[in-house]
Amino acid sequence: MKNQLVLKELSTAEVKERLDAERDRYQKMLLNHAISPIDNPNTIKESRKTIARCLTELRAREIAEQNK
């Protein structure tokens with residue numbers, strides 16, 4: 001819930017930047033995990049959830065703009 005509140009306070013450009021950064025981080029984690037197991041594999045799951053939260057927030061803003 002804390003992540004959602006933070007995302008709502010950011011501008012659309014900042015949310016897109018965070019999304020791009022999180023996608024890069026996720027890809028690097030997957031590659032590193034394939035080569036050698038990472039210490040905490042739950043970080044992969046959390047990264048996926050963060051990406052989904054960013055996409056959800058962007059979509060909600062897009063719908064809000066269409067309804068205006």
Side-chain angles (χ1 to χ4, degrees):
M1 181 120 160
K2 180 182 175 187
N3 288 337
Q4 290 173 334
L5 296 175
V6 171
L7 287 176
K8 289 181 188 260
E9 295 173 358
L10 298 176
S11 70
T12 303
E14 291 171 335
V15 174
K16 287 180 182 180
E17 285 179 22
R18 182 174 277 191
L19 176 62
D20 291 339
E22 195 63 36
R23 281 181 172 165
D24 289 341
R25 181 173 167 245
Y26 177 68
Q27 289 297 323
K28 287 178 185 176
M29 275 195 292
L30 285 180
L31 182 63
N32 290 338
H33 187 63
I35 295 171
S36 65
I38 57 177
D39 293 336
N40 188 0
N42 286 332
T43 57
I44 295 172
K45 184 168 76 170
E46 289 300 318
S47 184
R48 274 198 318 262
K49 287 182 179 184
T50 304
I51 291 169
R53 285 184 187 109
C54 290
L55 290 171
T56 301
E57 181 62 28
L58 288 173
R59 180 67 178 143
R61 292 179 186 195
E62 182 181 315
I63 291 171
E65 284 294 318
Q66 287 177 354
N67 289 337
K68 284 186 178 179

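- Under the 4.5 Å side-chain criterion, counting only non-hydrogen atoms from C-beta, Glu57 is not in contact with Thr12.
- Rounding to the nearest 0.5 Å gives a distance of 7.0 Å between CD of Gln66 and CD1 of Ile63.
- In terms of modelled atom types and a separation under 3.5 Å, the side chain of Gln27 and the main chain of Asp24 share no donor-acceptor contact.
- With respect to the salt-bridge test (charged N to carboxylate O, under 4.0 angstrom), the residues Arg18 and Glu22 do not qualify.
- Contact annotation: the side chain of Arg48 approaches that of Ile44 to within less than 4.5 Å [non-hydrogen atoms, C-beta and beyond].
- A distance of 9.5 Å separates CG in Leu31 from OG in Ser36, rounded to the nearest 0.5 Å.
- Note that CZ of Arg59 and SG of Cys54 are 16.0 Å apart. Values are rounded to the nearest 0.5 Å.
- The CG atom of Leu55 sits 10.5 Å away from the CG atom of Leu7 when rounded to the nearest 0.5 Å.
- For the pair Met29 and Ser47, the tightest heavy-atom approach, listed with the atom from each and the gap, is CE-CB, 3.4 Å.
- Thr43 OG1 to His33 NE2: the interatomic distance, rounded to the nearest 0.5 Å, is 8.5 Å.
- In this structure, Glu62 CD and Asn67 CG are separated by 11.0 Å, a value rounded to the nearest 0.5 Å.
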